[in-house]
Amino acid sequence: MAIKGNAADSRTRSSVSVFIVIGLCCFFYVLGAWQKSGFGKGDSIAVEITKQTDCTVLSNLNFETHHSGASSDDIPDSKVQTFEPCHERYRDYTPCQDQRRAMTFPRENMNYRERHCPPDEEKLYCLIPAPKGYVAPFSWPKSRDYVPYANVPYKSLTVEKAVQNWVQYEGNVFRFPGGGTQFPQGADRYIDQLASVIPIANGTVRTALDTGCGVASWGAYLLKRNVLAVSFAPRDSHEAQVQFALERGVPAVIGVLGTIQLPYPSRAFDMAHCSRCLIPWGSNDGMYMMEVDRVLRPGGYWVLSGPPINWKSNFQAWQRTKEDLEQEQNKIEEIAALLCWEKISEKGEIAIWRKRINADSCPVRQDESRARICESRNADDVWYKKMEACVTPYPEVSSSEEVAGGQLKTFPDRLNDVPPRIASGSVPGISVEAYHEDNRLWKKHVKAYKKINKYLDTGRYRNIMDMNAGLGSFAAAIESPKLWVMNVVPTIAEKSMLGVVYERGLIGIYHDWCEGFSTYPRTYDLIHANGVFSLYKDKCKMEDILLEMDRLLRPEGAVFFRDEVDVLMKVKRIVSGMRWNIKMVDHEDGPLVPEKILVAVKQYWVIGSAGNRTTDE
């Protein structure tokens, strides 16, 4: 099979024209060198590697001979829809956080910055283009500090946040010195201050939530301490802050504390953080602090730095009155006491609270005359659910020393240890043995993936998404400092297992794949779609999901589909019109297994590429 390129300039086209690549093993080999040597633009190095590489056809690629039904090659061209590029104004399109649509919603409690997805008649059926000059991001850890200007061509933050050391423009790249509004001297030094109080170094703290993250430097510098932070910020006047974070190789999503609950399970995070995030913590009867409490693990930590902490020394610099700031801090202290968060440190402008480990150590929390207890029996059922000023109850314990919900081992031991939710039988139908079997199965699957694509765990793919994560075993099988996985648990999944994912020390989010994901275009290097299209059969259009995957995927990014052969044949037909190179591979157990693997690589093309015909959609 010849894999053809469709790149943006003459160097790319001339290079691709000599690539006669037989089998995906050879294609991925060349692709890895291609990207490293030319930021997505072919050159003589890639050609030389092609000449030197002994590429052979994988013997298990002939699945059509073992199953009835037409291959995509047998489908007349008239039946394959070709998707044209969208107009260049859509290059940073975020369907559910569209700026024009947002302005039609109320501003109260940040409602207009929440998810508002387009109706069917307004959906785009075209390919989101990359900006002219787009190149592959730098490899980690260089990407933490440098981002190519062409990929995110917005300079406003370099001016607005110049004093705070967020980002600087230098030639054709942005440089990220590691500063933030509350830590202009750098995130490392700031994290050192936190680590003097919070057990960050020993693996006790593994998952963190950064609310109002800016360009996510806090999360970026936590990574070298083996802490995974989910950072979120709205799509607002600080243009592209979440886009910068993901371009740096740091987990982030578009999000806001507004009127609906956060898309994370209860007891998910070991630490939550707000560094001058401008969230009105004391308003709405403490509703936002109560939502943080819901997602904070018993024994977890909440960090608040900046206003109103240390207001006596800073009220003039903050241009606020003493009375206003004192009232704000008193309200925060009052809500924290109601939640039974114990303040364990306040030094300078940093205050740290710790959530108690169970309800027995917090009688005031159970006093319904003072605290309204949430009525919902399922604290993980949060998708589009209205946020309320109520306290999520702890799981029951048998003694005052027991950690509600179960004690976790330190990371990395907790990655493969039996999660408390499974050990306690809280996930119906998932036994301890079923959990271990799932781990064994995904180690086997990942081993097969690595034979197909030898670059899977080399650092070539930094930002990875698992669209149907289950117990998180795919992410556990490829866990490495070189990459991170956003484990997505579909809201229509039979079992909600995202809480298990977090107990393993992994990160993830709830999402409905009939809608756009809360991120910018071109933010993931590799997407894993296991059983996604069988799950969503008759729920929404297959092309809606595939076009969203194309929006998320970077040029030259890869996709692994795993599904029943009949389903994948339909997928194959649609993606044939999407500028993806595709190949069907048999299941690792042989050609008679009806489950197959479809591997795809998105071609490199940008705005203004020769031969592009854009749609006005």
Side-chain angles (χ1 to χ4, degrees), residues 1 3-4 6 24 27-28 58 60-84 123-128 445 448-449 452-453 464-470 474 488 490 492-493 511-517 524-588 591 593-603:
M1 174 181 176
I3 306 294
K4 298 178 181 179
N6 184 15
L24 278 172
F27 179 75
F28 281 116
L58 295 178
N60 63 342
L61 294 185
N62 59 341
F63 82 97
E64 289 91 351
T65 61
H66 301 283
H67 297 275
S68 60
S71 72
S72 61
D73 297 332
D74 298 326
I75 301 173
D77 291 341
S78 60
K79 292 186 179 181
V80 176
Q81 179 182 356
T82 298
F83 295 93
E84 301 294 342
K123 289 182 178 180
L124 299 183
Y125 288 93
C126 51
L127 306 176
I128 302 298
H445 287 339
Y449 291 163
I452 297 170
N453 183 350
I464 297 178
M465 174 179 284
D466 191 353
M467 295 178 66
N468 185 18
F474 165 77
V488 181
I492 67 168
H511 183 65
D512 181 357
W513 285 113
C514 290
E515 300 180 356
F517 191 76
Y524 286 86
D525 302 295
L526 186 143
I527 297 175
H528 182 238
N530 172 49
V532 171
F533 293 94
S534 289
L535 178 66
Y536 275 90
K537 184 181 179 181
D538 301 326
K539 300 293 191 301
C540 51
K541 294 179 182 177
M542 188 176 281
E543 55 262 45
D544 284 348
I545 301 176
L546 287 166
L547 286 169
E548 177 63 2
M549 293 172 68
D550 182 80
R551 187 184 74 89
L552 302 182
L553 195 63
R554 287 175 172 153
E556 299 172 348
V559 181
F560 281 98
F561 298 91
R562 181 180 285 269
D563 220 313
E564 296 296 306
V565 63
D566 293 341
V567 174
L568 290 185
M569 290 303 297
K570 295 176 183 177
V571 170
K572 188 177 179 183
R573 182 175 62 83
I574 295 173
V575 300
S576 294
M578 287 174 51
R579 304 189 182 201
W580 289 13
N581 298 320
I582 53 177
K583 190 76 172 179
M584 193 82 81
V585 183
D586 279 331
H587 190 281
E588 55 267 24
V593 179
E595 182 180 272
K596 303 294 177 185
I597 304 166
L598 180 65
V599 188
V601 176
K602 182 176 176 177
Q603 297 171 7

Exercise. Please assess L526 against Y449 for the test side chain to side chain contact (heavy atoms under 4.5 Å, CB included), listing each intermediate value before the final yes or no.
Key: CA-CA 12 Å; L526 186 143; Y449 291 163; over 6 Å; no

Quiz item: CG/D544 to CG/L124 distance, rounded to the nearest 0.5 angstrom?
Solution: 10.5 Å

Quiz item: Side chains of F474 and I464: closer than 4.5 Å at any heavy-atom pair?
Solution: yes

Self-check item: Which atom of V601 lies closest to which atom of E556, heavy atoms considered
Solution: CG1-O, 4.0 Å

Quiz item: Parallel, tilted or perpendicular: which fits the ring planes of F533 and F561, with parallel below 30° and perpendicular above 60°?
Solution: tilted

Quiz item: So, are R562 and E588 salt-bridged, with charged N and O less than 4.0 Å apart?
Solution: yes

Quiz item: Going through the checks in order, is the side chain to side chain contact (heavy atoms under 4.5 Å, CB included) test met by Y125 and E543?
Solution: CA-CA 8 Å; Y125 288 93; E543 55 262 45; 4.0 Å; yes

Practice problem: Keeping the roles fixed (side chain from K602, backbone from L553), state whether a donor-acceptor pair exists under 3.5 Å. | Solution: yes

Quiz item: Between D563 and L568, is there a donor-acceptor pair closer than 3.5 Å when you use the side chain of the first and the backbone of the second?
Solution: no

Exercise. State the CG-NZ distance between L535 and K537, to the nearest 0.5 angstrom.
Key: 12.5 Å

Quiz item: How far apart are the closest heavy atoms of I452 and V585, and which atoms are they?
Solution: CD1-CG1, 3.9 Å

Practice problem: Any chance you could measure D512, atom CG, to I492, atom CD1, to the nearest 0.5 Å? | Solution: 6.5 Å

Quiz item: NZ of K570: more than 12 outside heavy atoms within 6.0 angstrom?
Solution: no

Self-check item: Smallest separation among heavy atoms of E515 and H511, with atom names
Solution: O-NE2, 3.1 Å

Quiz item: Does the side chain of H445 reach to within under 4.5 Å of the side chain of H587, using non-hydrogen atoms?
Solution: yes

Practice problem: Supply the atom-to-atom distance Q603 CD to N581 CG, rounded to the nearest 0.5 angstrom. | Solution: 4.5 Å

Quiz item: Under 4.5 Å between any side-chain heavy atoms of I582 and L598, yes or no?
Solution: yes

Self-check item: Non-hydrogen atoms of A529 and M549 that approach each other most closely
Solution: CB-CE, 4.2 Å

Quiz item: Taking the side chain as C-beta and beyond, is there a heavy-atom pair between N530 and F560 under 4.5 Å?
Solution: no

Quiz item: Would you say the side-chain atoms of W513 and N468 include a donor-acceptor pair closer than 3.5 Å?
Solution: no

Quiz item: Say you draw a straight line from CE of M542 to CD1 of I574; how long is it, rounded to the nearest 0.5 Å?
Solution: 5.5 Å

Quiz item: Which value, rounded to the nearest 0.5 Å, describes the distance between M467 atom CE and I545 atom CD1?
Solution: 6.0 Å

Quiz item: Hey, are the side chains of E595 and E564 touching, using non-hydrogen atoms and a 4.5 Å cut-off?
Solution: yes

Quiz prompt | Shortest non-hydrogen contact from L552 toward M465 | solution = CD1-SD, 3.9 Å

Self-check item: Shortest non-hydrogen separation from V80 to S576 and the atoms involved
Solution: CG1-CB, 3.9 Å

Quiz prompt | By salt bridge (charged side-chain N to carboxylate O under 4.0 Å, His left out) - contacts of R554 (at least two apart) | solution = E247, D525

Quiz item: When you measure from the side chain of K596 to the backbone N and O of V593, does any donor-acceptor pair fall under 3.5 Å?
Solution: yes

